[in-house]
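Read the structure below first, then the notes.
All values below come from the heavy atoms of this structure, side chains included, with hydrogens, waters and symmetry mates left out.
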Amino acid sequence: MIGENEVDLEEIAAKRTAGGGMFDSIANMANSILGAGEHICLPYAIRQAGFFTGLFLLVVLCGVTDWTIRLIVINAKLSGGHSYIDIMTHCFGSTGRAAVSFFQFSFAFGGMCAFGIIIGDTLPQVVRAVFPKLPTIPILKIFANRQFLIALCTVGVSYPLSLYRDIHKLSRASGLALVGMLIIVISVLVEGPHVPVELKGTQEGMYSVVEPGIFQAIGVISFAFVCHHNSLLIYGSLRTPTLDRFAKVTHISTLLSLVSCATLAISAYVVFTDKTQGNILNNFPQNDTLINVARFCFGLNMFTTLPLELFVCREVVEQYFFSHEAFSPQRHLFFTTVILFSSMFVALITCDLGVMLEITGGVSATALAFIFPAACYIKLVDKKLPWYSRTKLPAVICVAFGVTVMSISLFLALAKSWSPEGSAKLCV
């Protein structure tokens with residue numbers, strides 16, 4: 001009896017100290033939004049939508065994201081599920097289970113591939129800028145090689161971090177990534193006004209209201225704010241997981257993200273206007289020291305954010321195929337290794353994923369962020385309430401908005417796939 005009591009007390013103590021605090025969860029969620037790198041595209045989204053419409057979309061979509069992230073946890077409470085897959089299975093059966101598993105995995109795996117490609121696009125530039133003669137030195141020139149740096153960063157940094165079982169243990173790496181994001185924002189803010197005149201855009205028509213690329217902009221901004229595939233993992237990692245505490249985590253994380261994204265988008269767009277590129281760092285000269293620091297931080301963010309996406313891929317596989325089996329360290333190691341090295345292989349041979357990433361990313365992001373959470377909520381709340389009731393109407397509008405954006409994004413991406421611009425570019 002004494003032995004049993006001691007075990008019980010140890011288990012209770014372990015449960016009380018397990019998990020992370022609110023700061024850990026805020027760092028993970030903010031990193032899931034900001035660290036993914038899509039914020040670099042936001043000045044281009046402002047250019048596509050028009051200055052005032054772009055800012056309006058930024059604020060509105062941030063607010064909708066905040067609501068739908070919390071909606072997933074509310075849905076989990078209402079359905080008794082412990083994961084996104086459980087919720088969709090409860091609401092839509094095996095079809096819902098298959099759909100959310102596919103979209104979660106494709107979004108997270110597509111992100112992992114993109115992060116590897118970004119590492120290959122940024123870090124070699126920084127290395128060559130710091131050590132201009134390195135590519136000419138035998139043996140050492142490998143450190144300026146794109147493929148070598150991708151493999152080194154993935155195996156040396158991302159792989160060990162990905163082997164963790166608990167997501168809250170990534171909070172220190174997430175905190176580092178957030179510092180990197182702050183450096184990127186400050187670098188663009190400081191260096192933007194000082195770029196050579198020939199690199200700056202025209203000031204005429206800068207403060208436009210609406211531009212023809214508004215739907216592409218909605219897709220880019222939506223993609224930038226999506227972290228719904230991580231929401232239940234982050235909720236579960238809280239030491240005391242309650243709706244109120246998670247709401248605070250979500251509010252603070254999305255607000256931090258909005259401030260950072262708006263600062264970056266406005267400060268870059270007003271300088272480069274019609275010359276604004278998809279990756280805003282490419283607008284700056286190659287020899288700009290502070291921007292090279294930002295490029296380094298951007299690459300650093302990629303291999304600390306990559307494990308967050310791998311957590312999702314692994315969780316989807318575990319939930320879909322092994323939901324009724326006990327945790328297996330061998331299975332954990334096997335799937336971590338296979339998923340990570342598969343994404344690394346794609347990044348090693350591909351310079352640009354082309355339209356495939358737009359289809360999987362854009363469609364998956366819209367489904368995960370807007371359609372599924374709202375559709376599940378409509379299913380789970382009182383069935384006697386009409387669709388136009390105060391409880392259900394916001395969710396109905398959210399589903400309609402999501403379906404519209406997804407359809408238009410898919411149409412535009414498929415149209416682009418018929419052009420040479422849409423094909424993947426190999427760099428073997």
* Answer yes or no: is there a side-chain heavy-atom contact under 4.5 Å between Q48 and V220? => no
* Any chance you could measure L290, atom CG, to S187, atom OG, to the nearest 0.5 Å? => 3.5 Å
* **Donor-acceptor side-chain pairing of S106 and S364 below 3.5 angstrom** => yes
* Asked: Does R314 use its side chain to pair, donor to acceptor, with the backbone of S162 at less than 3.5 Å?
  -> yes
* Any donor-acceptor N/O pair, T53 side chain to V209 backbone, under 3.5 Å -> yes
* Residue F322 excluded, over 12 heavy atoms near CZ under 6.0 Å -> yes
* Going through the distances and angles, do F272 and F284 end up as a ring pair (Phe, Tyr, Trp, His ring centres under 6.0 Å)? -> CA-CA 10 Å; F272 299 108; F284 291 88; 5.2 Å; yes
* Distance, nearest 0.5 Å, that separates CZ of F103 from CG of L368 -> 7.5 Å
* Asked: Do side-chain atoms of N292 reach the backbone of Q286 as a donor and acceptor pair under 3.5 angstrom?
  -> yes
* Drop me the distance from R97's CZ to S83's OG, to the nearest 0.5 angstrom. => 7.5 Å
* Is the OH atom of Y388 crowded by more than 12 outside heavy atoms at less than 6.0 Å? -> no
* Asked: Atom CD1 in I378, atom SG in C91: separation rounded to 0.5 Å?
  -> 10.5 Å
* To do: Would you please name every residue forming a side-chain hydrogen bond (donor to acceptor under 3.5 Å, both in side chains) with T337, sequence neighbours left out?
  => Y159
* Check whether any side-chain heavy atom of F311 lies under 4.5 Å from a side-chain heavy atom of Y164, and answer yes or no. => yes
* Should Q104 and I85 count as side-chain neighbours, where that means a heavy-atom distance under 4.5 Å? -> yes
* Asked: If you take all heavy atoms of A347 and I117, which pair is closest and at what distance?
  -> CB-N, 3.7 Å
* F51, CZ: over 12 other non-hydrogen atoms inside 6.0 angstrom -> yes
* Please answer whether the main-chain N or O of T202 pairs with a side-chain N or O of D274 as donor and acceptor at a distance below 3.5 Å. => yes
* Of all the heavy-atom pairs spanning S260 and M181, show the shortest one and how long it is. => CB-CE, 3.9 Å
* Apply side chain to side chain contact (heavy atoms under 4.5 Å, CB included) to Y377 and F372, showing your working. => CA-CA 9 Å; Y377 185 70; F372 290 166; over 6 Å; no
* Taking the side chain as C-beta and beyond, is there a heavy-atom pair between F370 and V405 under 4.5 Å? -> no
* **Where A76 and L232 come nearest, the two heavy atoms and their spacing** => CB-CD2, 3.9 Å
* Between the main-chain N or O of A144 and the side-chain N or O of R128, is there a donor-acceptor pair closer than 3.5 Å? -> yes
* Would you check if F341 and T154 make a side-chain contact, meaning some heavy-atom pair closer than 4.5 Å? => no
* Hey, are the side chains of Y44 and I280 touching, using non-hydrogen atoms and a 4.5 Å cut-off? -> no
* Count the heavy atoms belonging to other residues, nucleotides or ligands that lie under 6.0 Å from CZ of F143, then report whether that count exceeds 12. => no
* **Backbone N/O of L123 and side chain of R295: donor-acceptor pair under 3.5 Å** => no
* Asked: If you count the non-hydrogen atoms of other residues, nucleotides and ligands that lie under 6.0 Å from NE2 in H82, is the total more than 12?
  -> no
* Are any side-chain N or O atoms of R245 and backbone N or O atoms of L238, one a donor and one an acceptor, separated by less than 3.5 Å? -> no
* Does some side-chain heavy atom of T68 sit less than 4.5 Å from a side-chain heavy atom of C398? -> yes
* For V190 and H194, which heavy atoms make the closest approach, and how far apart are they? -> O-ND1, 3.0 Å
* Judged by atom type as modelled, is there a donor-acceptor pair below 3.5 Å linking the side chain of K379 to the main-chain atoms of A375? -> no
* Please state whether the rings of Y235 and F246 are parallel, tilted or perpendicular, taking 30° and 60° as the class boundaries. => perpendicular
* To do: Applying side chain to side chain contact (heavy atoms under 4.5 Å, CB included), run through L310 and L161 and close with a yes or a no.
  => CA-CA 10 Å; L310 191 139; L161 290 173; over 6 Å; no
* **Heavy-atom pair of closest approach, residues F105 and I339** => CE1-CD1, 4.3 Å
* **Sidechain N-carboxylate O distance under 4.0 Å for D244, K248** => no
* Asked: Under a 4.5 Å cut-off applied to non-hydrogen side-chain atoms, are F225 and V64 in contact?
  -> no
* **CZ (F345) with more than 12 external heavy atoms under 6.0 Å** => no
Please list, one pair per line, the donor and acceptor atoms closer than 3.5 Å that link side chains of residues 261-271 to other protein atoms, with sequence neighbours excluded.
unit_1, atom_1, unit_2, atom_2, d
T263, OG1, V259, O, 2.6
S267, OG, T263, O, 2.7
S267, OG, L264, O, 3.2
Y269, OH, M206, O, 2.7

* Going from CD1 on I150 to OG on S158, what distance comes out if it is rounded to the nearest 0.5 angstrom? -> 11.0 Å
* To do: Determine, stepwise, if the pair V312 / L233 fulfils side chain to side chain contact (heavy atoms under 4.5 Å, CB included).
  => CA-CA 8 Å; V312 175; L233 287 171; 4.2 Å; yes
* Asked: Going by atom types only, do T273 and R47 share a side-chain donor-acceptor pair under 3.5 Å?
  -> no
* Approximate separation, where rounding is to 0.5 Å, of S101 OG and F321 CZ -> 8.0 Å
* Of the non-hydrogen atoms in I119 and P124, which two are nearest, and what is the gap between them? -> O-CD, 3.4 Å
* Within the side chain of N75, is there an N or O that forms a donor-acceptor pair under 3.5 Å with the backbone of I87? -> no
* Return yes if some donor-acceptor pair links the side-chain N/O of S208 with the main-chain N/O of V210 below 3.5 Å, else return no. => no
* Asked: Given the rule in the side chain to side chain contact (heavy atoms under 4.5 Å, CB included) test, do C313 and M112 qualify, once you have shown the distances and angles that lead to the verdict?
  -> CA-CA 10 Å; C313 291; M112 288 174 67; 4.1 Å; yes
